[in-house]
Amino acid sequence: MSDPAIFLHQVERRYRQGDNELQILRGADLAIWPGQSVALIAPSGAGKSTLLHLAGLLEKPDAGEVYLGNEPTAHMEDDARTALRRLDIGFVYQFHHLLPEFTAAENVMLPQMIRGLSKKQAMERSVQLLQYLGLGPRAQHRPGELSGGEQQRVAIARAVANSPRVLLADEPTGNLDPRTADHVFGALTELVRLSGLAALIATHNLDLARRMDRRVTLREGRIIELE
Ligand code: ADP
């Protein structure tokens, strides 16, 4: 088997709260392989966002290691982590956070141009991705002219525009009606399979979670495989 795209090894994370220390992650282990989608299902407060932040190199573990590819990241300097995050990680949030003044295509172009692609190259890839997600005719619309499901698909296109190794999503369909959620989710998992991304998706939607390759939860600060 190939190496995992991302591997959280024995990660620990604690927060100080007044005189107390909250131990949120207590040696969590999670490996995700290219092309694999993993649902993270756990009650509020269990540490899902904390885990996603560690996986996304937005926070450092207090102990343990986060390997991206085979590269250990925990002791990298902040600017190296930021560079790696831009290259290797895509994020999708519950709310799309698209820039309202820009069209769908421009929203998807921006991260590519920040990375150094020409406008022409970025435009080509944006249109291709939007078409793939069924949004070809919407490419020149601004977010305000799109439905919730369309906005979220643009956010997905933006997240994968730079072909990251890992896609992290926090309740990506939490804000959508069930049918739209189903549609957006189908597009997301198909993209993961075809592009060889590794995806970690926090969700409360068990129907959607069932359609992913694996389901995990957090119990007492550790990852437990479900089923
Ligand atoms: P979830 O996403 O599963 O709801 P979180 O990872 O957001 O859980 O939070 C887990 C616990 O850690 C919660 O009790 C939360 O209050 C606490 N927590 C999260 N971030 C911080 C922080 N920066 N400082 C202090 N406590 C935090």
Side-chain angles (χ1 to χ4, degrees), residues 4-32 36-68 73-79 81-82 84-85 88-97 148 151-152 155-156 158-159 164 166-176 178 181 184-185 188-189 192 197-227:
I6 186 163
F7 176 28
L8 289 90
H9 182 233
Q10 289 288 306
V11 294
E12 296 180 22
R13 189 77 176 103
R14 29 187 179 268
Y15 296 115
R16 203 148 253 307
Q17 214 172 55
D19 288 340
N20 294 328
E21 203 171 59
L22 286 174
Q23 179 99 26
I24 306 303
L25 299 175
R26 304 164 178 250
D29 282 318
L30 178 65
I32 308 178
Q36 194 173 54
S37 55
V38 177
L40 175 60
I41 312 154
S44 187
K48 297 182 297 298
S49 304
T50 302
L51 192 82
L52 287 169
H53 289 162
L54 290 176
L57 312 184
L58 291 164
E59 287 182 33
K60 287 186 188 187
D62 294 307
E65 187 55 89
V66 177
Y67 297 91
L68 212 51
T73 63
H75 295 99
M76 282 182 169
E77 299 292 334
D78 284 348
D79 48 357
R81 292 157 59 82
T82 302
L84 197 57
R85 183 186 320 125
D88 270 354
I89 314 267
F91 291 95
V92 181
Y93 301 95
Q94 181 169 1
F95 299 99
H96 57 76
H97 299 299
Q151 290 168 346
Q152 203 57 329
I156 292 168
R158 180 186 53 183
V166 177
L167 181 68
L168 301 171
D170 199 353
E171 286 286 348
T173 59
N175 195 30
L176 304 174
V184 169
F185 197 81
L188 183 59
T189 45
V192 168
L197 272 168
L200 179 61
I201 303 178
T203 181
H204 286 112
N205 189 324
L206 297 180
D207 287 334
L208 299 184
R210 236 172 259 129
R211 288 163 47 187
M212 299 176 60
D213 297 318
R214 284 163 58 201
R215 286 144 291 281
V216 299
T217 190
L218 274 166
R219 212 165 284 155
E220 290 171 5
R222 293 205 175 87
I223 289 281
I224 311 275
E225 210 79 28
L226 295 170
E227 288 163 283

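Residues take their numbers from the sequence shown, with the count starting at 1. Order of listing sets the numbers, starting from 1, for every ligand and every atom in it.
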- Task: Hey, could you give me the CD/CD1 distance between Q36 and I6, rounded to the nearest 0.5 Å?
- Result: 12.5 Å
- Check for a donor-acceptor pair, side chain of R85 on one end and backbone N or O of L57 on the other, with a separation under 3.5 Å. yes
- Which ligand 1 atoms does K48 reach within 4.0 Å, using its non-hydrogen atoms? 1 (P), 2 (O), 3 (O), 4 (O), 6 (O), 8 (O)
- Could you tell me which atoms of ligand 1, counted from 1 in the order shown, lie closer than 4.0 angstrom to a heavy atom of S44? 4 (O)
- Message: Using a 4.0 Å cutoff against the non-hydrogen atoms of A46, which atoms of ligand 1 qualify?
- Response: 3 (O), 8 (O)
- Got an N/O contact under 3.5 Å between R16 and ligand 1? no
- Note on the structure: Of all protein heavy atoms, the one nearest atom 27 (C) of ligand 1 is Y15 CD1, 3.2 Å
- Message: Which residue is it: V66, L40, V216? I am looking for the one with a side-chain contact (heavy atoms from CB on, under 4.5 Å) to L30.
- Response: V216
- Message: Going by a strict under-4.0 Å cutoff (protein heavy atoms only), does atom 16 (O) of ligand 1 have a neighbour on the protein?
- Response: no
- Is a side-chain N or O of E65 found less than 3.5 angstrom from the main chain of A74, in a donor-acceptor match? yes
- Message: Is it the case that atom CZ in R211 sees more than 12 heavy atoms from other parts of the structure closer than 6.0 Å?
- Response: yes
- Query: At a 4.0 Å threshold, what atoms of ligand 1 neighbour a non-hydrogen atom of S49?
  - Reply: 1 (P), 2 (O), 6 (O), 7 (O)
- Query: Does anything in residues 49-61 pair up under salt bridge (charged side-chain N to carboxylate O under 4.0 Å, His left out), and if so which pairs, sequence neighbours excluded?
  - Reply: R13-E59
- Taking distance alone, with no angle check, do I24 and ligand 1 share an N/O pair under 3.5 Å? no
- For G47, the ligand 1 atoms whose distance to one of its heavy atoms is below 4.0 Å: 1 (P), 3 (O), 5 (P), 6 (O), 8 (O), 10 (C)
- Any chance you could measure L25, atom CG, to Q10, atom CD, to the nearest 0.5 Å? 11.5 Å
- Short side-chain to backbone donor-acceptor contact, D88 and P164, under 3.5 Å: no
- Item | G45, A202, G221: member with heavy atom nearest to atom 1 (P) of ligand 1 | G45
- Task: Using non-hydrogen atoms of the residue, decide whether A42 is closer than 4.0 angstrom to ligand 1.
- Result: no
- Query: Would R214 and E225 pass as an ion pair if we require N to O under 4.0 Å?
  - Reply: yes
- Task: State whether any protein heavy atom lies less than 4.0 Å from atom 25 (C) of ligand 1.
- Result: yes
- Note on the structure: The answer for which part of T50 has a heavy atom under 4.0 Å from ligand 1 is both
- Closer than 4.0 angstrom: is that true for some heavy atom of P43 and an atom of ligand 1? yes
